[in-house]
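Note: hydrogens, waters and symmetry copies are ignored here, and every other heavy atom, side chains too, is used.
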Amino acid sequence: MVETLAEPELRASPLGPAIAELERRALGGQSYLLATIEEDKVERETCLRLLAHLGTISEVYEYFAEVAGVEGPFLRPLALPWQPFISPEVAEVRRYKGKTNEIFTRVLLNVALFAGAYAGSRERLRILDPLAGGGTTLFVALAAGYDAFGIEQKRQDVETTAVFLRQYLSGEGITFREICERRRSGKRYQFEVRPEGKRGEARLVVLVHGDSCEAPLHLREIPGGPRVHAIVGDLPYGIQHIGEIGELLGRALPAWVELLLPGGAIALAWNATRLPREEMCALVERYSGLQTRNDPPYTQFGHTVDRVIKKRDLLVAVKSRA
């Protein structure tokens, strides 16, 4: 999966226009992407900071074909100038049936930000997962330093996710403040997370029990208001008929788009084994009024998950700034 996603994720990033050449290389039995970056198009520090955010990249090296007349290749490890808000393990340690892989989740989140107007932004971004499940997207977003909002219709998933986050933060000695509100539609948990050593910095995690078709209602009266920079969702894999997907998107997308700031983007993943990309894009455009990105590299993320999900794909739709 990672080998399939790495190249399109890199090309979709703000580094894409600065890439002169990109090829796959196998060195010492390991897979690498060898990228030639045009230095006049991006500063070195900015380049390394962007690379650190990529979900499919674990390490970065400077490549030398030879050094002092000695034939290579040689690799020099590079330190990445970015530290997560909290450890990314928060999205890794919790295991449950049906969990979306945290690497794929990070790619999905990145692609939503890359496609919109907030790629590389240093402002405090706000991310919504309207199909939150067990909270993987929320934890990936929190680790990246974003405010994270999730809506989930299954009460048990909401309760167990809140318990996990509470126990994880307590176990790691991370300062947080929790508010649990009992509302007519269900409970709403708010966590204000403030790691030691990050003075003045706090991030929100909001988890709501309710129907995501009423997303604006669920996010009322939260700090910062009902607005987000990106929406990320992994559609239920059990839905394999275009009519069922159409019904879900027809009810939910208008509510989701209402929360999306101008220049923001929606990234949705789905089981594309029997649902062609063309039909999904048509549904999203019909019910959201957004423009889908149907150009490379956004059309190159399809990959195999397992024997049942022979193809998972993602699509991105952007809200105009006009």
Side-chain angles (χ1 to χ4, degrees), residues 13-14 43 45-55 57 60 79-94 102-103 105-114 116-129 132 135-151 161-181 188-208 218-232 259-261 263-265 267:
S13 78
E43 295 181 356
E45 190 78 3
T46 301
C47 176
L48 293 176
R49 180 172 57 84
L50 290 169
L51 287 170
H53 281 79
L54 297 182
I57 303 299
V60 177
L80 300 177
W82 176 76
Q83 291 295 323
F85 185 72
I86 66 172
S87 172
E89 75 170 8
V90 65
E92 301 166 4
V93 296
R94 189 182 186 202
E102 59 274 2
I103 294 176
T105 300
R106 194 173 175 189
V107 171
L108 193 62
L109 173 56
N110 282 341
V111 170
L113 293 174
F114 293 160
Y118 305 102
S121 172
R122 298 202 178 206
E123 67 178 290
R124 182 171 167 178
L125 300 181
R126 300 161 67 87
I127 311 300
L128 168 67
D129 183 349
T136 302
T137 300
L138 309 187
F139 303 146
V140 167
L142 177 63
Y146 308 139
D147 290 328
F149 307 90
I151 301 170
T161 300
V163 168
F164 167 79
L165 182 57
R166 184 184 309 122
Q167 293 178 342
Y168 178 85
L169 295 173
S170 298
E172 295 297 314
I174 298 172
T175 302
F176 71 97
R177 184 169 68 96
E178 178 184 351
I179 299 174
C180 177
E181 304 168 89
R188 181 169 71 183
Y189 292 92
Q190 295 187 52
F191 293 84
E192 184 180 82
V193 183
R194 191 185 304 271
E196 186 178 353
K198 297 184 183 290
R199 293 182 179 178
E201 290 190 30
R203 294 295 182 267
L204 284 176
V205 177
V206 177
L207 182 60
V208 185
H218 297 316
L219 297 189
R220 281 183 188 171
E221 300 173 353
I222 59 172
R227 60 184 185 85
V228 297
H229 298 85
I231 297 174
V232 177
L259 297 171
L260 192 63
L261 287 166

- [ ] Taking the side chain as every heavy atom from C-beta outward, state whether Leu128 and His218 have any pair of such atoms under 4.5 Å apart.
- [x] no

Task: Rounded distance (nearest 0.5 Å) linking atom CG of Leu51 with atom CD1 of Ile57 - done: 7.0 Å

Task: Crowding at CD, Glu172 (>12 non-hydrogen neighbours, <6.0 Å) - done: yes

- [ ] Verify, without hydrogens or angle tests, whether Asp129 (side chain) and Gly150 (backbone) share a donor-acceptor contact under 3.5 angstrom.
- [x] no

Task: Spacing of CD1 belonging to Ile127 relative to CZ belonging to Phe149, to within rounding of 0.5 Å - done: 9.0 Å

- [ ] Step through the shown structure and confirm whether more than 12 heavy atoms of other residues, nucleotides or ligands are within 6.0 Å of CD on Glu178.
- [x] yes

Task: 4.5 Å side-chain heavy-atom contact, Leu50 and Ser13 - done: no

Open item on the list: Show the nearest heavy-atom pair for residues Glu45 and Pro81, with the distance to one decimal.
Closed with: OE2-CB, 3.3 Å

TODO: Report yes if the side chains of Pro223 and Glu192 come closer than 4.5 Å at any heavy-atom pair, otherwise no.
DONE: no

Open item on the list: Using side-chain heavy atoms (C-beta onward) and a distance below 4.5 Å, is Glu196 in contact with Thr175?
Closed with: no

Task: From CA spacing to verdict: side chain to side chain contact (heavy atoms under 4.5 Å, CB included), Leu54, Phe114 - done: CA-CA 11 Å; Leu54 297 182; Phe114 293 160; 3.8 Å; yes

Task: Nearest heavy atoms of Leu204 and Asp147, plus distance in Å - done: N-OD1, 2.8 Å

Open item on the list: Is any side-chain heavy atom of Phe176 closer than 4.5 Å to one of Leu165?
Closed with: no

TODO: Indicate yes or no for a side-chain donor-acceptor contact from His229 to the backbone of Gly264 under 3.5 Å, with no hydrogens or angles considered.
DONE: no

- [ ] Using modelled atom types only, decide if a donor and an acceptor are shared between the side chain of Arg126 and the backbone of Gly225 within a distance under 3.5 Å.
- [x] yes

Open item on the list: Please verify the inter-ring angle class for His53 with Trp82; under 30° counts as parallel, over 60° as perpendicular, anything in between as tilted.
Closed with: tilted

TODO: I would like to know whether Leu260 and Val228 meet side chain to side chain contact (heavy atoms under 4.5 Å, CB included); could you show each step before the answer?
DONE: CA-CA 5 Å; Leu260 192 63; Val228 297; 4.3 Å; yes

Task: Ring-ring centroid check Phe139 Tyr168, cutoff 6.0 Å - done: no

- [ ] Locate the shortest heavy-atom distance separating Ala265 from Ala112; write the atom from each residue and the value.
- [x] CB-O, 3.3 Å

Open item on the list: Using a 6.0 Å cut-off, check whether atom CD of Glu221 has over 12 heavy atoms from anything other than its own residue.
Closed with: no

TODO: Specify the closest pair of heavy atoms between Glu102 and Val140, including all atoms of both residues, with the distance to one decimal.
DONE: O-CG2, 4.1 Å

Open item on the list: If we ignore hydrogens and angles and just use 3.5 Å, is the side chain of Arg203 paired with the main-chain N or O of Gly145 as donor and acceptor?
Closed with: yes

TODO: Could you tell me the separation between the CD1 atom of Ile222 and the CZ atom of Arg227, rounded to the nearest 0.5 Å?
DONE: 9.5 Å

Open item on the list: Just so I know, are the side chains of Thr137 and Leu108 near enough to count as touching, which here means a heavy-atom distance under 4.5 Å?
Closed with: no

Open item on the list: Let me confirm one number: the CG-CG distance from Leu125 to Leu109, rounded to the nearest 0.5 Å.
Closed with: 9.0 Å

Task: Close side-chain approach of Phe191 and Leu142, heavy atoms under 4.5 Å - done: no

Task: Non-hydrogen atoms of Pro226 and Leu259 that approach each other most closely - done: O-CD2, 3.3 Å

Task: Distance-minimising heavy-atom pair for Leu207 and Leu138 - done: CD1-CD1, 3.9 Å

